[in-house]
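Residues: numbered from 1 along the sequence shown.
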Amino acid sequence: MENKKIKITGAEAVVKCLLEEGAELIYGYPGGAIMPIYDELYKYQDKLQHVLTRHEQGATHAAQGFARATGKVGVAMATSGPGATNLITGIADAQIDSTPMVCITGQVASHLLGSDAFQETDIIGISTPVTKWNYQITRAEEIPEVMAKAFYIARSGRPGPVLIDITKDAQLNSFDFSYKKCNGIRSYQPTPTVDSNKVQEAATIINNAKKPMIVFGQGIILGEAEKELKAFIEKGDIPAAWTILGLSALETKHPLNVGMVGMHGNYGPNVLTNECDVLIALGMRFDDRVTGNLETYAKQAKVIHFEIDPAEVDKNVKSDVAVLGNVKDTLAQILPLINKKNHDSWKEEFKKKDKLEFDKVIKGDLFPEKEGLTMAEVLEQINVASNDDAIIVSDVGQHQMFACRYAKFSQTKSNITSGGLGTMGFALPAAIGAKMGVPNREVVAIIGDGGYQMTIQELGTIFQSKVPVKIVVLNNEYLGMVRQWQELFFDKRYASTEMVNPDFVAIAKGYYIDAKKVTKREDLASAVQEMMASKDAYFLEVAIEKENNVFPMIPTGASVSDMRLS
């Protein structure tokens, strides 16, 4: 319903638009061109909380963490020029990982545009390839309609980031404000219409399958289709594997959860991708890390692709049947058409591969004979201390793969990581956003010593905003994933991967955060328990075996059938 008109400045209009859209938290950093909006935020502190991050990249990752943990739109804000350009990495990350986010940037006054004025940057041109939509506002009157569109586009269909750039004069000028939420845009169809014939075709193929297999991705979480997924796999008795962004949509302990696909995924679901007769992809996009060599990927199988974005269908893997639509709707439609089945002999194949992987890899990770600690051991202690109920926010590298392989989850929206872009530095600020979004859940950031130092300044945000997040740095004094590749494929030439690190505990204590370092196995469990029991922020550094590799592994360009166990 359209609101009554009131005369206000563009800056105040921005704040009112945010309130109308239900924004709760804004992560940002002030500066000259955005100052009028910050001045209005000061007046609305009781209604809208602004969190001052220590870097604009931190603001975008915090907004992403908030969005991923809550399912709501994250909001980040920055000034023009370097403030705006510092948002780009987080925006690109949100774009490839389908995270709903609205970024607001200040811009020089409209009469200065194109003059190379102080802190002027063409952020519209720069952000166009990595946003779902962007727009530059030069008149105050445009603000309500554009902001309404921004939130609608960010959250609808396949979600993504939107950037709105607002000139300083548009913020300062007054106009008659009224707000109307956006519920549709001509020529933009966020969710395709479901074709019932395609649903029937898919059901027929699935009902005739002897060795069906599901790979589900983040589309299940974004579409809130967790219940539909569970009902579907249980009725069809279909083994279900996940991509790293699909992790936690199905509880870890579910008997049909067969593990992770991809370069460092589980042995069974990867190898058996090339033995199934029907491959059912649910809300995933066949990323290269999942498929390996496309020339040899699932060539024997009929492929059914449930997908909301038509651009992803047949982009990498040719489908036999594409079922377009929100996966929550399409799974609900196919469920009555699926026959109740029993695939015990097929499921036994996964169990055999699981045993092989346990004997060759998992046993050594969880119960090592070496003196040095492994990353898997640390994750297992966090599982025990949290009763499989923490939100795990992992950075990028070996520790990310160990976290995805060994963290256990009992509820959805519990695994937050940078998937498609692989952004080091993601976890610390993303954990801040996740904890502020879901304050009643424990949030544990799992970070390597390399990625940690990319956004370590966000400890200041944790201290100032009193965010009780738990931070675990797994320190092997290397850029571990790069070092692993150098060991395996570059004859152990460790070029620029050894890290000479500072005293991480002293740095944490400098921010008044409780901190501890563990170097011995006998101290690990009690240290993790102490961290998890803390009501405040806590930093735990764990010294890890320096040359501990993550296996299994599909070498780049190899087939999923060629997965290496060592």
With a 4.5 Å limit on heavy-atom distance, are the side chains of [X] and [Y] in contact?
X      : Y      : result
Glu442 : Lys470 : yes
Lys353 : Glu357 : no
Thr53  : Pro429 : no

Set of side chain to side chain contact (heavy atoms under 4.5 Å, CB included) partners for [X], sequence neighbours left out:
X      : result
Val396 : Gln400, Ser418, Met424
Arg441 : Asp389, Ile391, Gln411, Ser414, Val438
Lys253 : Asp388
Lys509 : Val505, Ala515

Taking ring-ring contact (aromatic ring centres under 6.0 Å, His included) as the cut-off, I'd like each qualifying pair that reaches into residues 356-396, sequence neighbours left out, listed once.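 Of all non-adjacent pairs touching residues 356-396, none passes ring-ring contact (aromatic ring centres under 6.0 Å, His included).
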With sequence neighbours left out, which residue pairs that include part of residues 483-506 fulfil the ring-ring contact (aromatic ring centres under 6.0 Å, His included) condition?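 Residue pairs with at least one partner in residues 483-506: Tyr452-Phe504, Tyr478-Tyr494, Trp485-Phe489.
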Listed partners of [X] passing ring pair (Phe, Tyr, Trp, His ring centres under 6.0 Å), at least two apart:
X      : value
His399 : none
Tyr27  : none
His305 : Phe286

Does Arg564 reach the main-chain N or O of Phe551 with its side chain, forming a donor-acceptor pair under 3.5 Å?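 No, because the side chain of Arg564 does not come within donor-acceptor range (under 3.5 Å) of the backbone of Phe551.
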With no hydrogens and no angle check, is any side-chain donor or acceptor of Asp320 less than 3.5 Å from a backbone partner on Val303?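 Indeed, once roles are kept as given, a pair shorter than 3.5 Å links the two residues.
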Going by side-chain hydrogen bond (donor to acceptor under 3.5 Å, both in side chains), name the residues that satisfy it together with Ser127, two or more places apart in sequence or in a different chain.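 side-chain hydrogen bond (donor to acceptor under 3.5 Å, both in side chains) list for Ser127, sorted by chain: Asn134.
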Rounded to the nearest 0.5 Å, what's the gap from CZ on Phe66 to CD1 on Ile416? Could you check?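 These two atoms lie 11.0 Å from each other.
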Answer yes or no: is there an ion pair linking [X] with [Y], defined by an N-O contact shorter than 4.0 Å?
X      : Y      : answer
Glu530 : Lys516 : yes
Asp354 : Lys351 : no
Asp287 : Arg285 : yes

Within 6.0 Å of NZ in Lys360, more than 12 heavy atoms from elsewhere: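 No.
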I'd like to know whether CD of Glu251 has more than 12 heavy-atom contacts from other residues, nucleotides or ligands below 6.0 angstrom.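 Enclosed: over 12 neighbouring heavy atoms sit under 6.0 Å from CD of Glu251.
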Salt bridge (Lys or Arg N to Asp or Glu O under 4.0 Å) with Lys352: which residues, sequence neighbours excluded?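 So Lys352 forms a salt bridge (Lys or Arg N to Asp or Glu O under 4.0 Å) with Glu349.
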Please list all pairs meeting salt bridge (Lys or Arg N to Asp or Glu O under 4.0 Å) that have one or both residues in residues 363-378, counting only residues at least two apart or in different chains.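 Only Glu377-Arg521 qualify under salt bridge (Lys or Arg N to Asp or Glu O under 4.0 Å).
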